Amino acid sequence: MPELPEVETTRRGLIPSLKGRKILGVTKRRNKIRIAIPEDFEKRIIGCRVLSVDRRAKYLQIPLDSGDVIICHLGMSGKFTVRKIDSTPFEKHDHVIFETDRCEWIIYNDPRRFGLITLCTQGELAGHKLFKKMAVEPLGNEFNGAYLKEKLKIKKSAIKINLLDQSVVVGLGNIYVCEALNIALISPTKKASDLCIDDVERLVVIIRDVLNRAIEAGGSSLKDFVGADGDLGYFQHQFVCYGREGEYCKNPGCIGEINRINQAGRSTFYCPECQK
DNA sequence: ATGATGTCCTGGGCGC
DNA sequence: TGCGCCCAGGACATCA
């Protein structure tokens with residue numbers, strides 16, 4: 001369940017091992033994760049130099065000096081680890097391994113195989129079907145009260161559903177949406193178009209704050225999340241709401257307790273006492 | 001068009 | 001101790 005903060009943490013962790021490095025080898029240990037890995041994947045990557053490690057929404061984009069871009073999504077259990085090349089055997093769910101001129105292995109491991117790794121050219125990137133319909137980044141200047149209010153204006157569905165919709169705003173997943181709505185004192189079931197401008201303005205500020213704090217904490221939404229540098233990132237960040245069914249609400253002055261409901265097949269955690 | 005539901009996948013937790 | 005069941009969830013497909 002890596003959301004934007006975990007992907008950003010992974011990106012930052014991968015930069016020292018990938019940026020400017022030459023890829024000397026690629027091993028596919030299966031042909032498909034969630035979607036097929038291109039057949040010519042190894043051929044197109046080996047011998048190339050990595051220009052940078054970028055992020056768009058929950059995707060990593062790794063441009064190469066050949067003009068190709070590696071696209072990677074972590075799904076819900078995907079992670080990268082980096083280690084010096086040695087004789088330690090690969091693990092069961094190590095699906096793709098990159099070898100660099102720094103004598104390192106960059107290993108993509110994903111037990112639940114909800115992630116993906118693919119390739120396109122730099123020219124195809126902007127119009128790529130994975131990115132074409134994506135909305136703005138939540139940490140960018142374009143994500144503001146006026147923007148979000150306009151997006152929600154015609155939405156008859158619940159605010160929570162809309163915050164998860166990547167065509168409204170990208171990068172948010174179940175955890176940070178629950179957290180932000182709790183802190184913003186907004187009910188997840190409230191009809192999106194019914195939010196007043198004050199609610200929306202407050203929500204935008206809180207979403208940014210929650211994401212920024214999670215990035216600072218080094219990614220925290222999965223208890224066995226391993227940062228790209230190989231360091232274990234335990235729950236350094238205390239969730240106020242997510243996963244706390246039956247416990248007290250942490251909002252100042254609130255005496256309610258956290259409930260769990262189901263929205264669109266997903267668990268929503270919230271406090272019915274203070275989230276209106 | 002929009003919205004609701006089903007699908008992919010495995011490991012972990014739980015009840016019996 | 002072990003088996004079966006259910007749940008977690010991002011994004012896309014497929015229905016109404």
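Keep in mind the model is a prediction, meaning the values are calculated, not measured. Chain letters run A, B, ... following the sequence lines, proteins first, then strands; residues in each count from 1. The figures that follow rest on heavy atoms only: side chains count, while hydrogens, waters and symmetry mates do not.
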**Asked** Who are the side chain to side chain contact (heavy atoms under 4.5 Å, CB included) partners of A:C249, not counting sequence neighbours?
**Response** A:N182, A:N251, A:C254, A:I258, A:C271, A:C274
**Prompt:** When all nucleic acid strands are considered with a 4.0 Å heavy-atom cut-off, which category describes A:L130: base, sugar-phosphate, or nothing?
**Reply:** sugar-phosphate
**Message:** Main chain of A:D54, side chain of A:S52: is a donor-acceptor contact present, judged purely on distance under 3.5 Å?
**Reply:** no
**Message:** Tell me whether A:Y147 shares a hydrophobic cluster with A:L211, the cluster being built from Ile, Leu, Val, Met, Phe, Trp, Tyr side chains joined at under 4.5 Å.
**Reply:** yes
**Message:** Using C1' atoms of five pairs at each end, report the bend of the helix from B:dT2-C:dA16 to B:dC16-C:dG2 rounded to 10 degrees.
**Reply:** 50°
**Prompt:** So what does A:G173 hit on the nucleic acid, given a heavy-atom distance under 4.0 Å: a base, only sugar-phosphate, or nothing?
**Reply:** sugar-phosphate
**Item:** Partner set under salt bridge (Lys or Arg N to Asp or Glu O under 4.0 Å) for A:E91, not counting sequence neighbours
**Value:** none
**Asked** Near DNA chain B, which residues from residues 26-39 of chain A have a heavy atom under 4.0 Å away?
**Response** none
**Fill in**
When rounded to whole Å, the CD to P distance for the pair A:E6 and C:dG10 reads 10 Å
**Message:** Output the rounded distance in Å from CE (A:M134) to P (C:dA11).
**Reply:** 6 Å
**Request:** Return the value, rounded to whole Å, for the distance between atom CG of A:N174 and atom C1' of C:dG10.
**Result:** 10 Å
**Prompt:** Quick one: is B:dT10 close enough that its OP1 or OP2 comes under 4.0 Å of any side-chain N or O from A:K92?
**Reply:** no
**Request:** Select base, sugar-phosphate, or nothing to describe what A:R266 touches, counting heavy atoms under 4.0 Å on all strands.
**Result:** base
**Asked** If you measure only the distance, is there a donor-acceptor pair under 3.5 Å linking the side chains of A:K92 and A:N109?
**Response** no
**Distance test, side-chain N/O of A:K58 to OP1/OP2 of C:dA11, below 4.0 Å** = yes
**Request:** Give me the other members of the hydrophobic cluster that A:Y270 sits in, counting Ile, Leu, Val, Met, Phe, Trp and Tyr linked by side-chain heavy atoms under 4.5 Å, directly or via other members.
**Result:** A:I261
**Prompt:** Does a donor on one side chain sit under 3.5 Å from an acceptor on the other, for A:S17 and A:R102?
**Reply:** yes
**Request:** For A:S157 and for A:R112, find the nucleotide of DNA chain B with the closest heavy atom, then tell me which residue's nucleotide is more 5'.
**Result:** A:S157
**Item:** A:N262 CG - B:dA4 P separation (whole Å)
**Value:** 12 Å
**Prompt:** Judged by atom type as modelled, is there a donor-acceptor pair below 3.5 Å linking the side chain of A:K156 to the main-chain atoms of A:A192?
**Reply:** no
**Request:** Could you state the atom-to-atom distance from CG of A:D110 to P of C:dA11 in whole Å?
**Result:** 13 Å
**Message:** Using only atom types and a distance under 3.5 Å, with no angle test, would you say the side chain of A:E201 pairs donor to acceptor with the backbone of A:D198?
**Reply:** no
**Prompt:** Which is true for A:K133 with a 4.0 Å heavy-atom rule: it touches a base, it touches only sugar-phosphate, or it touches nothing?
**Reply:** nothing
**Atom pair distance, as rounded to whole Å: NZ in A:K79 and P in B:dC9** = 18 Å
**Euclidean distance, atom NE2 of residue A:H73 to atom C1' of C:dG10 [Å, nearest integer]** = 5 Å
**Prompt:** According to a strict under-4.0 Å criterion, is A:H93 in side-chain N/O contact with OP1 or OP2 of B:dG11?
**Reply:** yes
**Complete:** From CG of A:L172 across to C1' of C:dA11 the rounded distance in Å is 15 Å
**Per A:I154 side chain, nearest of listed nucleotides B:dC9, C:dC12, B:dT2** = B:dT2
**Message:** Treating primed atoms plus P, OP1 and OP2 as sugar-phosphate and everything else as base, which nucleotides of nucleotides 2-7 of chain C get B, S or - for protein heavy atoms under 4.0 Å?
**Reply:** ------
**Message:** A:L203 vs A:L181, test: side chain to side chain contact (heavy atoms under 4.5 Å, CB included). Steps then yes/no.
**Reply:** CA-CA 7 Å; A:L203 187 54; A:L181 286 170; 4.0 Å; yes
**Message:** Please check this pair: side chain of A:R244 against backbone of A:Y248, looking for a donor-acceptor N/O pair closer than 3.5 Å.
**Reply:** yes
**Which atom of A:V136 lies closest to which atom of A:V169, heavy atoms considered** = O-CG2, 3.7 Å
**Request:** Would you please confirm or rule out a distance under 4.0 Å between OP1 or OP2 of C:dG10 and any side-chain N or O of A:Q166?
**Result:** no
**Request:** May I ask you to decide if A:K160's main-chain N or O and A:Q263's side chain share a donor-acceptor pair within less than 3.5 Å?
**Result:** no
